[in-house]
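Below: one structure, written as structure tokens.
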Amino acid sequence: MTESSEAYQRDIHRQIAERLKDLVPRDPALPPHPYLRRHLAEHAALGEVLDDDHVTPALLAWESSSQVRRLLAAQDTASDRRQWLRAWAVLEPFALNAGPLSRLCSLQVARHAATTRLPSQGAAPAPAPSLNSPVPISPLWSDRVAPTPAWTTSPTQVTSLAILRPPAGKAAKIATGDDAGTLRLLRTDGRLTHIPLHLHSGAITHLLALHGGLLITAGTDGRVMAVKEEDGQLTHRLITHREQTWVSSLTTYQPDGHPRLLLAAFSDGEVEAVSLGRFHPQPLSMSRLEDSSALLCGIRTAEGGHRLLFSVHDTVYCFDGDTTKVHSRHRGRVRALVALPQPGQYAVGDERGRVTLCDLGAEDFVSVGRHDAVPAGATPAAVTSLQLVSFEHRPALVSAAGDGTLQLWRLPTLRPIAGVLTAHTAPVNAMTYLPGSNRLLSGGADRIVRSWAVDEATFGQEPKTWNRVTASAVSPSAPHRLAIARASRVILRDLATGAETTRLKGRRITALAWPQVTGRRLLAAALDDLSIICVDPDSSLEIGPPMAGHILPIRALVTVPSAAGERLASAGADGRVCVWQPSTGERLALFGDHDLTVRALATHQDTEHRFLASGGGDGNIRIWNSDTLEQHARTIKCDQGLINDLAFVTPEDGGPLIAAAGRDGTLKLWDPDTGQSVRALTCSDGELSAVTSVRLPLGRTVLAAAGKTSIHLWDASTAQPLLQIVTGSPIASLKTVQDTDEATSSILLASGVAGPMAVRLHHNLL
């Protein structure tokens with residue numbers, strides 16, 4: 001196609017996009033025509049007008065093609081006219097099951113987070129289109145780091161990746177395995193090619209792609225399977241199975257003078273060999289490996305022969321088909337092992353964060369080059385994976401680490417290229433490489449697969465600092481102040497004025513609360529020395545003596561209503577719940593009834609009851625009378641695994657209920673008097689980490705719970721889902737207070753690995 005014809009085609013698509021965008025309803029509550037939802041973004045991209053003017057938030061709330069993220073990835077995204085589009089690209093993979101109203105609210109939150117973190121210098125960005133209909137939430141403040149858009153997401157943790165290379169003439173596919181034993185095959189644009197295939201009863205920990213489109217899978221159930229696409233269908237067969245074991249490694253190995261074999265190492269130390277093709281068992285004269293996590297790696301020598309490398313703890317051995325010799329020792333357990341393009345060379349990643357280059361030809365069997373995989377002075381994270389790539393048309397190496405980072409290395413010098421890339425908010429479990437597009441795919445424990453260009457610009461970008469919040473609280477009375485603890489300090493933000501101050505600098509905080517002490521609202525902070533102090537938020541002066549009584553870190557602080565005035569309660573990893581008189585520092589009660597960590601506290605007050613509830617690692621909830629300081633009724637034995645958080649709910653009729661957020665992903669309402677479950681709410685968003693309640697007019701109560709990717713809101717009485725605020729990253733804490741400036745709204749403070757944010761919930765729109 002000539003340059004003039006390409007320009008003509010672009011102009012046609014631009015004109016189509018111009019006409020179509022005028023057909024999008026201005027009110028986001030009205031659904032656009034299906035053609036607009038599926039194709040407007042594509043026309044805008046082909047016409048080089050992919051921006052907020054053509055693909056507006058009113059369309060994005062209904063967008064069904066899932067194309068925006070991929071279209072943006074293929075173009076320059078630096079334009080200020082793409083604020084809504086960039087926000088959509090970040091949350092779109094997590095919003096597939098959310099309704100249009102939830103998508104619209106999530107869009108507002110995501111765009112607000114992105115634009116409030118823009119650098120202040122330079123020209124102000126052009127304003128993005130405004131919304132033309134009221135929505136249930138409005139962002140107040142955000143200090144969240146916007147994550148890189150996902151290539152694809154998984155309902156569960158991604159544990160393995162591989163490139164499946166079918167026969168000639170067919171496109172490559174990407175295989176992903178997860179911790180539920182499910183295999184997914186995807187196109188290079190992230191779309192599924194087949195219905196997910198459940199293969200293993202445990203996690204798929206290894207995927208090995210062989211020629212002809214054959215894929216070998218192995219998992220924690222001790223099974224090794226072969227998968228192949230035939231006549232458009234996925235077929236699979238069992239190769240071998242060792243019960244009560246797991247597969248620690250898969251590789252291919254060609255003994256000198258013999259055909260290539262498929263090898264599988266099992267956790268009981270056995271290594272099984274089968275022929276490729278028919279998968280018949282083959283003899284292998286190797287002794288049992290004395291390591292349940294041993295790794296295998298076939299390697300070609302400089303002389304043209306073949307050897308098998310295997311690791312046992314911190315040592316790599318070389319097997320020549322008859323004898324075994326020690327080749328290299330490392331500072332920590334070997335976590336990754338890969339053969340390099342140069343014959344006889346291999347790379348090792350260990351749990352101390354080091355990447356080492358070794359050569360079989362070295363007479364003294366030592367490394368010929370080594371380099372720390374983390375900057376000097378930083379805490380090393382274990383190397384979890386190594387992947388060969390191409391950089392500037394030469395072989396290179398990428399290492400992945402347990403802190404979610406990636407690093408690119410030159411070969412054979414093993415010198416770092418650019419910096420450390422912040423890729424995931426959780427450990428990187430697997431990587432694979434697409435040579436045709438020179439892109440690296442990384443899969444993390446955060447259930448995300450991301451795509452990276454293997455170039456200096458990508459790996460040299462400014463390190464992304466996840467604003468991990470260790471504690472947060474919002475003051476219940478005006479002026480509303482947010483207290484956010486991170487990086488050994490507390491940031492106080494006045495929501496009315498936007499003013500920020502720093503308090504308790506140099507002190508690591510594990511929990512925060514706002515108790516009323518002698519008529520003043522103070523900030524209570526649990527310190528890492530296991531004490532609790534109260535400080536004046538204006539002067540930072542300590543008020544009253546410190547409170548000490550825990551022997552392990554404190555996990556929660558709450559203010560406790562009582563007939564004698566407001567008190568303070570703390571709970572910690574020692575299983576203790578303490579009640580304090582903050583003005584004197586006196587400990588009024590010590591409840592040591594929990595067997596494990598107490599992770600959550602909640603309080604309730606009405607005309608008949610004043611309660612303090614505690615829950616945690618033992619899966620139990622205990623409710624205490626905050627006046628008598630005695631346990632109310634019997635212990636509630638929950639069936640939700642760990643209890644991560646608690647919140648009281650007051651139905652329109654009847655006494656209070658206690659809502660428990662469980663590790664099993666359920667939110668259950670329990671009767672404090674009978675200990676019976678009243679109602680269960682599920683959202684299919686993984687473990688629920690936090691819960692809070694919002695009191696609405698006419699006796700309604702809304703429950704807000706945080707999953708892995710979203711904040712979910714329900715009507716507590718009917719269990720009807722009301723709203724989903726997609727965050728794209730886990731939320732660790734949720735706090736709510738009644739907005740005294742607006743009686744019809746509440747303030748919701750959410751904080752997690754990506755940082756904190758505050759939104760206003762409008763009661764009449766929920």
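Hydrogens, waters and symmetry mates play no part in the numbers below; they use all other heavy atoms, side chains included.
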Those residues that, when tested against Asp178, pass side chain to side chain donor-acceptor pair (under 3.5 Å) (two or more places apart): Thr156, Arg184

In chain order, what residues pass the side-chain contact (heavy atoms from CB on, under 4.5 Å) check against Ile16, with sequence neighbours excluded? Ile12, Leu20, His43

Close side-chain approach of Ile448 and Phe94, heavy atoms under 4.5 Å: yes

Residues Phe459 and Val454: closest non-hydrogen pair is CE1-CA, 4.1 Å

Considering the options Pro134, Ser138, Pro136, which one meets the side-chain contact (heavy atoms from CB on, under 4.5 Å) requirement together with His762? Ser138

If we ignore hydrogens and angles and just use 3.5 Å, is the side chain of Thr458 paired with the main-chain N or O of Ala453 as donor and acceptor? yes

Among Met431, His424, Arg450, Gln387, the one residue meeting side-chain contact (heavy atoms from CB on, under 4.5 Å) with Leu406: Met431

What closest approach, in Å, do Gly402 and Ala381 show between heavy atoms, and which atom pair accounts for it? N-CB, 4.0 Å

Between Ser733 (side chain) and Ser751 (backbone), is there a donor-acceptor pair under 3.5 Å? no

Give a yes or no answer on whether the side chain of Trp62 reaches the backbone of Pro34 with a donor-acceptor pair at less than 3.5 Å. no

Not counting sequence neighbours, which residues clear salt bridge (charged side-chain N to carboxylate O under 4.0 Å, His left out) with Asp11? List them please. Arg14

Going by atom types alone, do Ser729 and Arg144 pair a side-chain donor with an acceptor below 3.5 Å? yes

Which of parallel (below 30°), tilted (30 to 60°) and perpendicular (above 60°) describes Trp714 and His712? parallel

Are the side chain of Ser746 and the backbone N or O of Leu761 linked by a donor-acceptor pair below 3.5 Å? no

For the residue pair Thr709 / Asp685, report whether a side-chain donor-acceptor contact shorter than 3.5 Å exists. yes

